[in-house]
Protein chains: 2
Amino acid sequence: MNILIVFAHPERHSLNGALLDTAVTELQSQGHEVKVSDLYSMHWKAAVDRSDFPDLPAGERLKVASASSREFAVNGLTEDVKAEQEKLRWADTVILQFPLWWFTMPAILKGWVDRVYACGFAYGVGEHSDRRWGDRYGEGMMAGKRAMLVVTAGGWPEHYSERGINGQIDDLLFPINHGILFYPGFTVLPPFVAYRVDRLDDARFGIVSEQLRERMRTLATTTPIPYRKQNGGDYQIPSMELKPGLETPGAIRFALHVAKPEPS
Amino acid sequence: MNILIVFAHPERHSLNGALLDTAVTELQSQGHEVKVSDLYSMHWKAAVDRSDFPDLPAGERLKVASASSREFAVNGLTEDVKAEQEKLRWADTVILQFPLWWFTMPAILKGWVDRVYACGFAYGVGEHSDRRWGDRYGEGMMAGKRAMLVVTAGGWPEHYSERGINGQIDDLLFPINHGILFYPGFTVLPPFVAYRVDRLDDARFGIVSEQLRERMRTLATTTPIPYRKQNGGDYQIPSMELKPGLETPGAIRFALHVAKPEPS
């Protein structure tokens with residue numbers, strides 16, 4: 001398989017860097033081809049702005065979606081963005097690896113999403129009408145590819161548990177797993193999350209890195225999160241609300257959009 | 001009151017820009033003092049990196065939390081970050097205004113949080129022990145200040161409703177409202193969200209801007225989201241899990257952390 005890892009940590013000589021090495025080594029030893037987009041070493045530009053749309057006339061107002069759509073259609077986006085889009089086309093599996101900062105990804109990785117996910121590439125794909133709301137949530141350019149998150153967190157697992165004060169980790173990651181990965185068509189695997197990483201001694205690092213290796217060995221066979229496809233009949237169109245009675249008993253809020261309980 | 005608006009849209013001549021003007025004009029007409037941090041016009045640097053910690057020796061590994069803590073303690077953070085911290089100290093109310101991009105804030109605003117929220121300022125405040133887990137979630141440097149989000153979204157309200165495919169808007173914004181605003185001590189007001197903004201005609205703009213003016217007039221009197229305080233007795237320490245039986249009937253997941261139903 002071709003595997004792309006997008007890595008967003010400012011210090012290569014860190015736990016995150018060591019886990020990246022662990023993943024790459026394991027994947028290569030399984031015969032996979034691996035590319036790493038190390039956003040900090042690439043000096044990735046995070047903010048979407050006018051310079052992303054070179055053909056936008058100087059006096060014209062920037063409307064991000066339409067400018068993005070226009071440039072994407074004529075292959076006119078900037079070289080850094082096009083290179084990442086090419087890696088996404090190449091990849092069979094995409095891994096986003098990052099430390100959890102303020103309960104989501106660091107700005108530099110959000111900026112990778114904001115810029116690489118052009119209109120016509122990751123959204124605004126397919127027919128948009130009162131009968132069909134585009135190729136998204138299970139369809140789209142990334143259909144057939146797998147994706148997963150590799151996340152480190154300073155807090156304890158309990159703090160991210162069902163009743164933990166930070167909120168349940170699956171819910172905190174829902175906007176990424178469902179909104180950023182499932183949206184353009186990826187099949188989304190359960191995330192790998194390492195907790196209490198500020199105080200990880202050698203023994204626990206050994207355990208965590210072995211758990212990560214196991215996830216790398218099972219990328220192709222791990223059961224994905226069974227998010228409901230938008231155009232699979234479960235949602236009313238165009239309101240895009242889940243049809244009555246389809247929910248798993250007891251499921252409310254984000255859990256409505258999962259067809260059956262997530263594999264544990 | 002002193003009011004800080006942190007504004008994150010790349011085009012000042014946009015709906016977001018017009019709503020910013022609406023808010024500022026209304027607030028000033030009420031006699032408030034207003035400062036705007038227009039992140040794009042400030043060319044805000046989004047990514048946390050070594051250059052944020054000028055005293056870090058060249059060969060030393062960057063550990064963000066400890067470097068941040070050390071520089072904050074000696075007033076050694078960069079001037080742009082210190083200026084924003086000063087505005088936060090000055091403000092009685094803070095508004096974050098942004099377009100919803102991929103179900104959260106744009107990278108440039110996430111980078112404002114990542115950089116301005118230094119260790120010792122927005123986290124790592126107060127006693128951390130087995131008896132007390134810091135001054136956070138209702139306590140901290142922002143205690144006594146109010147905060148709210150002003151958000152624009154391209155999708156329909158139904159898509160963000162209780163059963164909408166994007167996920168319920170309150171849950172999508174929970175990591176920001178609870179994890180970024182309530183965490184360092186802000187009292188958090190319900191967000192202002194404008195939907196279907198890609199096709200907002202003059203009539204609807206008039207309605208939306210009047211709704212926003214009304215929210216600006218009632219900043220001091222709007223009932224906040226009643227998030228549970230970490231150190232108010234509702235959570236077990238140090239597991240930080242909600243004690244059994246305290247939940248509002250039927251509440252699960254993020255809703256556990258709200259003491260009673262949010263005001264509608």
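A note on names: the letters A, B, ... follow the listed sequences, proteins ahead of strands, and every chain is numbered from 1.
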Problem - Structural part of A/Phe174 lying under 4.5 Å from a heavy atom of chain B - result: side chain

Handout entry: Salt bridge B/Lys45-B/Asp52, side-chain N to carboxylate O under 4.0 Å
Key = yes

Fill in the blank from the handout: Among B/Gly111, B/Gly164, B/Ala255, the residue with the most heavy-atom pairs under 4.5 Å to chain A is B/Gly164

Practice task
Starting at CG of B/Leu39, measure out to NE2 of B/His9 and round the result to the nearest 0.5 Å.
Solution key: 12.5 Å

Practice task
Please state whether the side chain, the backbone, both or neither of B/His257 comes within less than 4.5 Å of a heavy atom of chain A.
Solution key: side chain

Handout entry: B/Phe182 and B/Tyr137 aromatic ring geometry - parallel, tilted or perpendicular at 30°/60° bounds
Key = tilted

Fill in the blank from the handout: If one checks every heavy atom of B/Lys243 against chain A at 4.5 Å, the contacting part turns out to be backbone

Completion exercise
If one checks every heavy atom of B/Pro238 against chain A at 4.5 Å, the contacting part turns out to be both

Problem - Value rounded to 0.5 Å, distance of CZ in A/Arg163 from CD1 in B/Ile252 - result: 11.0 Å

Practice task
Tell me, for A/Arg115 versus chain B, whether the close heavy atoms (under 4.5 Å) come from the side chain, the backbone, both or neither.
Solution key: neither

Exercise for the section: Measure distances from B/Ala122 to the heavy atoms of chain A and classify the residue's part below 4.5 Å as side chain, backbone, both or neither. Expected result: both

Handout entry: Proximal component of B/Thr104, with respect to chain A [non-hydrogen, under 4.5 Å]
Key = both

Fill in the blank from the handout: What one should report as the nearest heavy-atom pair of B/Arg50 and B/Leu56 is NH2-CD2, 3.3 Å

Problem - Residue part contacting chain A, namely of B/Arg12, when any heavy atom lies under 4.5 Å - result: neither

Fill in the blank from the handout: CH2 of B/Trp102 to CE of A/Met105, rounded to nearest 0.5 Å, is 11.5 Å

Problem - Side chain / backbone / both / neither for B/Ala8 at chain A, heavy atoms under 4.5 Å - result: neither

Exercise for the section: Can you tell which part of B/Leu256 gets under 4.5 Å to a heavy atom of chain A, answering side chain, backbone, both or neither? Expected result: side chain

Exercise for the section: Please look at B/Tyr183 and chain A and tell me whether the side chain, the backbone, both or neither of the residue comes under 4.5 angstrom of a heavy atom of that chain. Expected result: side chain

Problem - Under 4.5 Å from any heavy atom of chain B - which part of A/Trp156 - result: side chain

Completion exercise
Whatever's closer than 4.5 Å to a heavy atom in chain B on A/Trp133 counts as side chain

Practice task
Measure distances from B/His159 to the heavy atoms of chain A and classify the residue's part below 4.5 Å as side chain, backbone, both or neither.
Solution key: both

Handout entry: Choice from B/His13, B/Gln168, B/Arg61 maximising heavy atom contacts with chain A below 4.5 Å
Key = B/Arg61

Exercise for the section: Hey, can you tell me if A/Tyr117 and A/Trp112 have their rings parallel, tilted or perpendicular (30° and 60° cut-offs)? Expected result: tilted

Exercise for the section: Please report the shortest heavy-atom distance between A/Ser68 and A/Cys119, naming the atom on each side. Expected result: OG-N, 2.8 Å

Handout entry: Region of B/Glu162 that comes under 4.5 Å of a non-hydrogen atom in chain A
Key = backbone

Exercise for the section: With a 4.5 angstrom heavy-atom cut-off, could you sort out which part of B/Trp44 is near chain A: side chain, backbone, both or neither? Expected result: neither

Handout entry: CG/A/Asp201: more than 12 non-hydrogen atoms of other groups inside 6.0 Å
Key = yes

Handout entry: Derivation of the side chain to side chain donor-acceptor pair (under 3.5 Å) call for A/Asp80 and A/Thr78
Key = CA-CA 6 Å; A/Asp80 58 347; A/Thr78 57; 2.6 Å; yes

Exercise for the section: Please determine, among B/Asp114, B/Ile108, B/Leu109, the option with the most heavy-atom pairs under 4.5 Å with chain A. Expected result: B/Asp114

Handout entry: Top of B/Asp234, B/Val113, B/Ile176, B/Asp171 for chain A proximity - count of heavy-atom pairs under 4.5 angstrom
Key = B/Asp171

